[in-house]
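Everything numeric here is computed off the predicted structure, so don't read it as measured data.
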Amino acid sequence: MASDDDAFVYDEASGEWISAADALASAASAETIEVRDSVGNLLADGDQVTLIKDLTVKGAGQTLKRGTLIRSIRLTGDPQEIDCRYDGIKGLVLRAEFVRKR
C-alpha cells in the first residue's frame, strides 16, 4: 500500500510529474492574491489605510477627504479592490491605488 508521500500528480503547466505535497503547496500559493497600495506596500486584512485623494462616494452623496483614516480593511478576490468600513457608508469598496498603508 502506498502512502501519501509516494503519490504523484501530473502538472499540466510544467508537463512533469510532481509530488502531491508540492502540488498542494503550489495551488495554495496561486490562490493568494497580493494587494498593494499606491506606493507598493503589501496590504493585509485588518490594516489601516489613509486616503491619498478626495473621493466622491457614489450613492452616498458624500465625499471622503484626503487623509481620511480607514480602519480594519478586508481584502476581496480582486487585487485592486479592498472592502472597508466607514461611518455612515455601508458596503464601501475602495481601489487600492487611492490608499496608502499607515
Side-chain angles (χ1 to χ4, degrees):
M1 202 165 14
S3 68
D4 289 336
D5 295 335
D6 297 327
F8 286 89
V9 293
Y10 183 74
D11 182 28
E12 293 180 12
S14 66
E16 298 177 357
W17 289 91
I18 59 174
S19 70
D22 290 341
L24 285 175
S26 66
S29 66
E31 291 176 7
T32 59
I33 296 174
E34 285 189 355
V35 179
R36 298 197 177 266
D37 68 358
S38 61
V39 293
N41 295 326
L42 190 62
L43 296 174
D45 286 337
D47 282 346
Q48 293 182 356
V49 295
T50 306
L51 296 180
I52 62 166
K53 177 181 177 180
D54 290 352
L55 298 174
T56 303
V57 181
K58 294 181 181 178
Q62 191 174 358
T63 300
L64 297 176
K65 299 291 184 190
R66 187 179 94 188
T68 301
L69 179 66
I70 306 290
R71 293 187 174 106
S72 185
I73 65 167
R74 287 186 312 257
L75 303 180
T76 62
D78 188 346
Q80 286 298 315
E81 294 181 350
I82 55 174
D83 191 23
C84 309
R85 237 189 242 173
Y86 189 74
D87 296 334
I89 303 174
K90 223 175 189 181
L92 179 63
V93 177
L94 296 174
R95 304 262 313 159
E97 64 192 273
F98 298 124
V99 299
R100 183 182 65 217
K101 186 175 180 177
R102 185 149 193 227

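Cys84 approaches Leu94 most closely through the heavy-atom pair SG-CD1, 3.7 Å. Summarising the geometry of Ala96 relative to Pro79, their closest heavy-atom pair is CB-O, 4.5 Å, with the distance given to 0.1 Å. Of all non-hydrogen atoms in Ile33 and Gly77, the two that sit nearest each other are CD1-O, 2.7 Å. Taking both residues in full, the closest heavy atoms of Ala60 and Ile89 are given as CB-CG1, 4.3 Å, listed atom of the first, atom of the second, then distance.
The shortest side-chain heavy-atom distance between Tyr86 and Val57 does not fall under the 4.5 Å cut-off.
Atom CZ of Arg71 and atom CD of Gln48 lie 5.5 Å apart (nearest 0.5 Å). Note that the CZ atom of Arg100 and the CG atom of Leu43 stand 12.0 Å from one another [nearest 0.5 Å]. For the atom pair Phe98 CZ and Arg66 CZ, the distance stands at 14.0 Å (nearest 0.5 Å). Distance CG/Asn41 to CZ/Arg102: 14.0 Å, rounded to 0.5 Å. Note that CD of Glu81 is 10.0 Å distant from CD of Glu97, once rounded to the nearest 0.5 Å. Rounded to the nearest 0.5 Å, atoms CZ (Phe8) and CG (Asp22) are 8.5 Å apart.
Remark: Asp37 does not engage Lys101 in a salt bridge, criterion side-chain N to carboxylate O under 4.0 Å.
Asp83 contributes no side-chain N or O that, together with a main-chain N or O of Arg74, makes up a donor-acceptor pair within less than 3.5 Å.
One hydrophobic cluster, built from ILVMFWY side chains closer than 4.5 Å, cannot hold both Ile52 and Leu64; they sit in different ones. With hydrophobic clusters built from ILVMFWY side chains whose heavy atoms lie under 4.5 angstrom apart, Val99 does not share a cluster with Val93.
No more than 12 heavy atoms of other residues, nucleotides or ligands sit less than 6.0 Å from atom CZ of Arg85.
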> Which is it for Ile82 and Leu75 under the side chain to side chain contact (heavy atoms under 4.5 Å, CB included) test, yes or no, and what are the steps along the way?
Replying inline: CA-CA 5 Å; Ile82 55 174; Leu75 303 180; 3.9 Å; yes
